[in-house]
Structures are given as C-alpha cells and as structure tokens.
Number of protein chains: 2
Amino acid sequence: MRGHQVTIKDIAKILHISPSTVSRALKDHPDINPQTKKNVQELAKKLHYKPNQIALNLLQKESKLIGVIVPEIIHYFFSTIISGIEKIANESGYHIIIAQSNESYHKEVENIQALLSSNIDGFIITMAKTTLNFDHFKNVEEIGVPMVFVDRACDKVTADKVLVDDFDGAYKATKHLIDNGCKNIIHLAGPQNLDIGIQRKEGFLAALNDSNISIGDYSIQICDTHDHALKLIPEILSRHNNIDGIFAVNDLTAIGAMKAVKSINKKVPDDIAISGFTNSFISYIADPELTTVDQKGFEMGQHAARMLLKRMQSDENYGPVTTILNTDLIIRKSSLKKK
Amino acid sequence: MRGHQVTIKDIAKILHISPSTVSRALKDHPDINPQTKKNVQELAKKLHYKPNQIALNLLQKESKLIGVIVPEIIHYFFSTIISGIEKIANESGYHIIIAQSNESYHKEVENIQALLSSNIDGFIITMAKTTLNFDHFKNVEEIGVPMVFVDRACDKVTADKVLVDDFDGAYKATKHLIDNGCKNIIHLAGPQNLDIGIQRKEGFLAALNDSNISIGDYSIQICDTHDHALKLIPEILSRHNNIDGIFAVNDLTAIGAMKAVKSINKKVPDDIAISGFTNSFISYIADPELTTVDQKGFEMGQHAARMLLKRMQSDENYGPVTTILNTDLIIRKSSLKKK
DNA sequence: CAGCTTATTTCAAACGTTTGCGAAAAGAGT
DNA sequence: ACTCTTTTCGCAAACGTTTGAAATAAGCTG
C-alpha cells in the first residue's frame with residue numbers, strides 16, 4: 001500500500017505548467033521566471049517531492065551503486081573492508097550492495113550476474129576460495145564495468161587490485177617466532193590456488209631459509225579453518241613432538257591451533273608459540289592474546305573504493321593499477337616465550 | 001569507458017524486427033513465430049543480452065532493493081542478521097543495500113534519507129543506541145515505505161518488529177547461574193532507553209526474585225562494552241568481594257568482565273561464573289568458553305525479510321505484526337562451578 | 001470472392017526525468 | 001511599424017522495457 005510518490009508531472013498538472021518547466025524550476029535554471037520558480041519550489045516542498053532516482057538512473061545510465069562481493073561478512077576482516085568501502089563510497093554519493101559468495105564459486109557467479117543486471121556501476125570483489133574459473137570476471141571486463149579486487153585477486157583478468165604484502169607479513173611473523181626461540185615451526189597454509197596462500201607460504205619459507213632453519217616435509221600443512229586445525233594439530237604434534245612454533249595463515253586457524261595445543265596440555269607460548277595473520281577481533285579475545293599480522297582491512301576497503309571511483313570517473317582507459325599495502329606485526333603474548 | 005550494454009533495441013535492429021517482438025520472443029510469448037523466437041533467443045544469448053533492471057524498475061515502480069541499516073556490521077550478531085536477510089531477499093530477487101549507523105543518531109537519519117532517495121522498496125532497521133528522536137522513522141511511515149525493526153525496535157512508530165524474548169533469555173541465564181551456586185550475581189546492563197536493555201534487566205531481576213535472592217544497590221551496573229567492563233569489574237569486585245556471578249547484557253561485555261576477573265587472579269567459573277548474551281562467535285573463542293543466550297541472528301534476519309516481503313507484496317494495510325523469537329541458553333564452561 | 005478467423009507483427013503509450021531546440025510573447029531599438 | 005533581442009515556456013526525444021490494441025497477411029469457409 002504505497003502512497004503515490006509525488007512526481008514532477010503531478011506538480012506540473014497542479015500548476016498548469018509543463019514538466020520541463022517544473023524540472024528546470026527545481027534546479028534554479030536561469031530560463032525560468034522567478035515567480036514560477038517560487039511556486040514550483042514551494043509546492044514541491046509542501047508535497048515532499050523527492051526526485052525518482054530510478055528515472056535518473058535510467059537516463060544517466062548509472063545507478064550510484066557499487067556491488068561488493070565478499071566471501072562472508074561475518075568475518076571481521078571482510079566487514080572491516082566493507083566499512084572502509086562504505087565510508088569512501090558514501091562520501092561520493094554512492095551506496096554499496098553487498099553479496100556474499102560463502103566461498104562458493106557458483107554463488108559468486110550468480111552474484112555477479114545478478115548485480116550486473118541491477119546495473120551496478122562498479123564492483124569490488126574478494127574472490128571465493130573455490131574459484132578456479134574466471135569467465136565471470138572476464139565477462140565483467142568485456143562489458144566494461146570497472147572492477148577492483150581486494151585481498152584475493154585474479155591474475156587472469158585485467159583489473160585494479162588492492163593487496164597486502166602477504167609475503168612480507170608472513171616473513172615478519174615467522175622471523176619473529178624464530179627470534180623468540182622457535183626452532184621447528186610449521187605453517188598452516190591457505191589454498192595454493194590463491195595468491196595469498198602462496199605468498200604467505202613463501203614468506204614463511206624465506207624466513208626459515210634466511211635463518212638457516214631446515215624445512216621438514218611436514219612443515220607445511222594445508223589447513224585454513226578453525227575446525228581443521230583443531231583436528232590436525234594434535235595429530236601432527238603426536239608425530240613431531242619437537243614442534244615449537246605455529247604460523248597460521250589466518251587468526252581463526254591460529255586460534256583453533258591454540259585450542260588444540262592447550263587441549264593436549266602443552267603451553268602457549270612456552271611449549272609452542274603461535275602467530276596468526278589478519279589481526280581480527282578474536283586475536284584480542286584469545287587467551288593468551290594472539291600475535292598476528294595486521295592486515296588493515298579498513299584501509300584496504302578505502303583504497304579499493306578510491307581506486308574504483310577514480311576508474312569510474314575517468315574517461316581514459318589507463319592500465320590496471322595494483323596497490324600493495326604493508327602490514328604491521330602485532331606482537332602479543334601467544335608468541336613470547338619466557339626464556 | 002563502459003562498453004555499450006546490449007539492449008532489446010540492438011537485437012531488434014539487427015534482426016529487423018520491432019523491440020516489442022524481441023521482448024515477447026524472449027519471454028516465450030505464444031503470439032510469436034517459433035522461428036522468430038529462435039532467432040531472437042539465439043542472438044540474445046550470443047550477445048550476452050541482460051535485461052536492464054533499471055528500466056524494469058522504472059516501469060514497475062520498484063527497485064528490488066531493501067535498505068538495511070544496522071549499527072555496525074563488524075559485530076557478529078548484526079552480520080548474522082544481515083546474512084539471514086540476504087538469503088531470503090535473494091530468493092525473491094531482491095538485493096540489500098547496507099548502511100551502518102555506527103550507533104550514531106545523525107548517521108542513522110542521514111542513511112534513511114539517502115536510501116529513501118535511492119528508491120528503496122523497504123527498510124530493515126536496527127536502531128542506534130543513541131536514537132531518542134523518531135521523526136525519521138515517522139517520515140518513512142508517512143511516505144508509506146514498509147519498514148521492519150529487528151532486535152531494537154521503536155515503540156513510537158507503527159511498524160513490524162522482530163524481537164527475541166529478551167526477558168526470558170535473561171531469566172534463563174540468570175536462573176542457570178543461580179542453579180549453579182551463585183548467590184550474589186551482578187548484571188552488566190545495556191542502555192535503559194532501549195527495550196533490550198530494559199527487558200534483559202527485568203529478566204535478571206525476576207530470576208533473582210523468584211529465587212528469593214536479595215538485590216543490592218550495586219547489583220545493576222550500566223555497562224555494555226568490553227572496555228568499560230575491563231575497568232568497571234575490578235572496581236566493583238574490590239568493593240563487593242562476595243560477588244560470585246556476572247550476567248552481562250552481551251558477549252563482548254561478558255568477555256571484558258572475564259578478562260578483568262582473570263586479571264585480578266580470580267577464577268572463572270569457580271570464583272565467579274559468567275554468562276553473556278547473544279552467542280556470538282567470540283563466546284566460543286573465549287577461555288573458558290562463554291555460557292550465553294543464543295539470540296539467533298540468522299533466524300531474526302530471515303524473519304524480518306519475510307515480514308518485509310509480505311508487507312511489500314500485500315495490498316491491504318494490515319496492522320503491525322510483532323514476532324518474538326525464543327532464545328536458547330547455551331551452557332559452556334564459564335558458568336559451571338566445580339562443586 | 002466476400003467475409004471471417006488465425007497467426008504474427010508493429011504501434012504507441014507508459015514509467016519519471018532531463019535537455020536541445022523551437023515558439024510565443026513582450027520589450028527595445030531604429 | 002519593423003526587426004531584433006530577451007524572457008519564458010513547451011514540445012519532443014531519449015533512457016530500456018512492457019503491454020494492450022491495432023495492423024497486416026495469410027488461410028479458410030461457404
């Protein structure tokens with residue numbers, strides 16, 4: 001039961017003038033008689049006239065909407081990215097439509113299609129873990145809708161990207177564990193089809209290498225969820241009881257590992273030091289508090305939004321830009337061994 | 001530099017037929033020659049034709065967009081609500097635009113205005129804590145845009161609401177603490193201008209009453225943030241060292257309290273048992289794991305979306321509906337005293 | 001072959017707004 | 001009185017799509 005929204009035509013009919021005159025009067029066009037303007041503006045105010053954004057969108061072929069596709073908003077990191085995007089977008093009169101892929105390739109494709117037909121002006125995307133085919137992104141590229149990747153980017157597509165220096169972050173975290181006395185660190189790694197999985201692993205390996213620490217065949221475990229770590233860690237530790245450090249690809253996995261370690265009555269950090277990656281809220285909640293790499297989600301979101309706005313507002317077709325933000329190592333108790 | 005999106009007109013021009021024929025051919029209208037249909041549909045597929053949603057919106061006077069205004073998406077509870085909304089909305093071809101109020105009244109008003117002019121079809125709102133004036137909601141009501149409140153509702157406005165039984169949840173949590181041996185429980189309460197603050201406090205008081213436990217002047221403390229609890233709890237405990245239970249209005253505050261308790265070398269739960277409210281992700285991360293009241297954000301979101309859809313699709317103006325979901329007490333270690 | 005039916009297609013209006021151009025009216029200058 | 005300018009306004013097209021109604025062509029009946 002929507003009350004009929006007041007339109008320009010309504011105002012025109014009431015004042016016995018044409019819609020075009022009303023339109024111009026409302027925007028203070030010099031061609032319009034001051035008296036007419038006054039009449040129109042007063043009536044518009046009285047009737048609570050609001051321009052119909054949809055009609056404007058149709059005319060201007062833009063929707064002032066940015067489509068944001070992330071795996072899951074319940075993850076702190078992604079919600080901080082979204083907040084960063086929202087802030088910058090709002091400042092320029094844009095709004096954001098959020099869709100979640102739930103890490104599913106199919107849902108990602110579906111979302112892209114759906115948002116495309118909603119005439120999104122641009123995309124900001126964090127790829128799903130399971131995405132191995134990139135035709136949907138290529139499609140976006142072909143259609144010419146600007147697109148910025150955040151955190152997890154797609155190589156096969158020409159698009160702007162905002163990344164963090166995963167290699168360096170992982171290197172710093174691993175080096176920190178080594179400096180704190182760890183001699184046998186394992187890495188709980190992310191999927192190796194994603195750049196972040198690869199880079200963090202490489203940073204880990206490089207740090208070990210630079211410290212002349214040998215790498216066992218068990219040193220790298222593909223494991224990037226809380227529950228998997230809960231199961232995996234006791235198993236690994238039973239086979240390799242000299243492990244004294246864990247660097248996990250994300251905080252949640254690190255905390256799963258932390259719980260697992262505590263569950264078999266080993267101490268964190270004294271028996272096993274742990275570092276995560278992301279600096280999500282839970283790293284602060286964990287006990288002991290989790291050492292981690294701050295991934296600066298809010299800033300990433302802001303950067304991504306700025307890049308997208310620039311791209312949308314530009315007429316020339318400049319080449320793709322990649323921004324790499326640096327990370328900060330946040331040292332907390334989970335990595336500080338006593339001696 | 002947008003590539004021109006393929007339109008019905010383009011297809012019509014190429015096949016030398018009229019746009020209306022194309023339109024009907026695409027939707028398998030019986031009036032159209034099968035051969036024509038085939039030509040059209042094949043070409044449409046080949047050119048990746050996608051109907052322009054904006055044009056449809058204009059025609060149908062709807063945007064297929066639902067405006068969602070929440071305080072902060074980084075909070076687990078709100079992001080689960082959003083996920084619930086998104087699921088139901090998507091199933092009906094709607095998308096959601098998310099705006100955050102950051103608990104600020106002014107930002108809330110701003111968001112409402114902005115989304116209104118984006119021709120949102122409906123609102124789902126969780127009020128900001130600081131909202132005391134309701135004119136912006138009344139405005140929405142007057143314009144006739146359907147609106148559903150979630151969790152934190154506004155009494156002064158006629159609108160659908162989805163609430164949880166805060167009173168009962170608080171009662172159950174408090175009763176559980178009592179049953180586990182607590183004799184002197186304090187409540188860290190939310191703002192008393194919000195119904196949830198009042199109801200949870202009342203549930204707490206009722207449980208104490210029913211167990212004939214006396215209530216001290218310090219039994220209720222307005223305190224609903226992690227950091228406030230961190231400061232407040234040591235102070236209170238130093239003045240009332242027989243306190244043996246804490247019921248906090250939300251999980252984050254409970255965990256702040258838990259940390260504070262541990263910091264002064266008291267044991268959770270043996271010295272002081274703790275229960276939170278919400279069952280957010282961190283309650284599972286906490287050590288000891290936090291007993292809490294499951295607030296079912298996802299279901300709340302789903303309910304809210306269904307109610308909104310029903311309201312939007314209905315022609316008759318039925319009275320406002322309030323749905324109250326029941327809560328589940330999730331018992332974990334933080335409340336289970338040894339003896 | 002006139003009249004009727006059926007199949008297929010096009011026309012035109014509509015949604016709400018903007019905008020280039022032309023039109024009408026009034027005033028100014030010569 | 002004639003032209004020229006200025007002021008003020010309306011017409012019509014455009015954005016992409018849908019849809020009732022009208023148009024066309026072809027086939028059929030008697």
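Below, chain A is the first sequence line, B the second, and so on; all start at residue 1.
Residue pairs meeting the salt bridge (Lys or Arg N to Asp or Glu O under 4.0 Å) criterion with at least one member in residues 14-29 of chain A, sequence neighbours excluded, are A/D28-A/K37. Within the structure, every pair that satisfies the ring pair (Phe, Tyr, Trp, His ring centres under 6.0 Å) test and touches residues 137-158 of chain A, not counting sequence neighbours, is listed here: A/F137-A/F149. Judged as a salt bridge (Lys or Arg N to Asp or Glu O under 4.0 Å), the pairs with a partner in residues 101-116 of chain A (not counting sequence neighbours) are, in order, A/E103-A/R152. Among residue pairs with one or both ends in residues 74-91 of chain B, those qualifying as salt bridge (Lys or Arg N to Asp or Glu O under 4.0 Å) are B/K87-B/E91; sequence neighbours excluded. Annotation: ring pair (Phe, Tyr, Trp, His ring centres under 6.0 Å) contacts involving residues 29-53 of chain B, sequence neighbours excluded, are absent.
For B/Q41, there are no side chain to side chain donor-acceptor pair (under 3.5 Å) partners, not counting sequence neighbours. Here B/Q53 pairs with B/N57 under the side chain to side chain donor-acceptor pair (under 3.5 Å) rule; sequence neighbours left out. With sequence neighbours left out, A/D155 forms a side chain to side chain donor-acceptor pair (under 3.5 Å) with no residue at all.
Environment of NZ in A/K138: crowded, with over 12 heavy atoms of neighbouring residues, nucleotides or ligands closer than 6.0 Å.
If you take NE2 of B/H29 and C1' of C/dT10, they are 13 Å apart, rounded to a whole angstrom.
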Counting primed atoms, P, OP1 and OP2 as sugar-phosphate and everything else as base, the B/S/- map of nucleotides 12-18 of chain D against protein heavy atoms under 4.0 Å is --BBBBB
Only pairs under 3.5 Å count here: list side-chain donor-acceptor contacts from residues 64-73 of chain B, not counting sequence neighbours, and write none if there are none.
none

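B/T21 has no side-chain polar atom (N or O) that falls below the 4.0 Å cut-off from OP1 or OP2 of C/dT9.
Across all strands shown, A/I54 has no heavy atoms under 4.0 Å from either base or sugar-phosphate atoms.
Over its length, the helix from C/dC1-D/dG30 to C/dT30-D/dA1 turns its helix axis by 80°, as judged from the five terminal pairs at each end, rounded to 10°.
If you check residues 30-43 of chain B against DNA chain D, you find no residue with a heavy atom closer than 4.0 Å.
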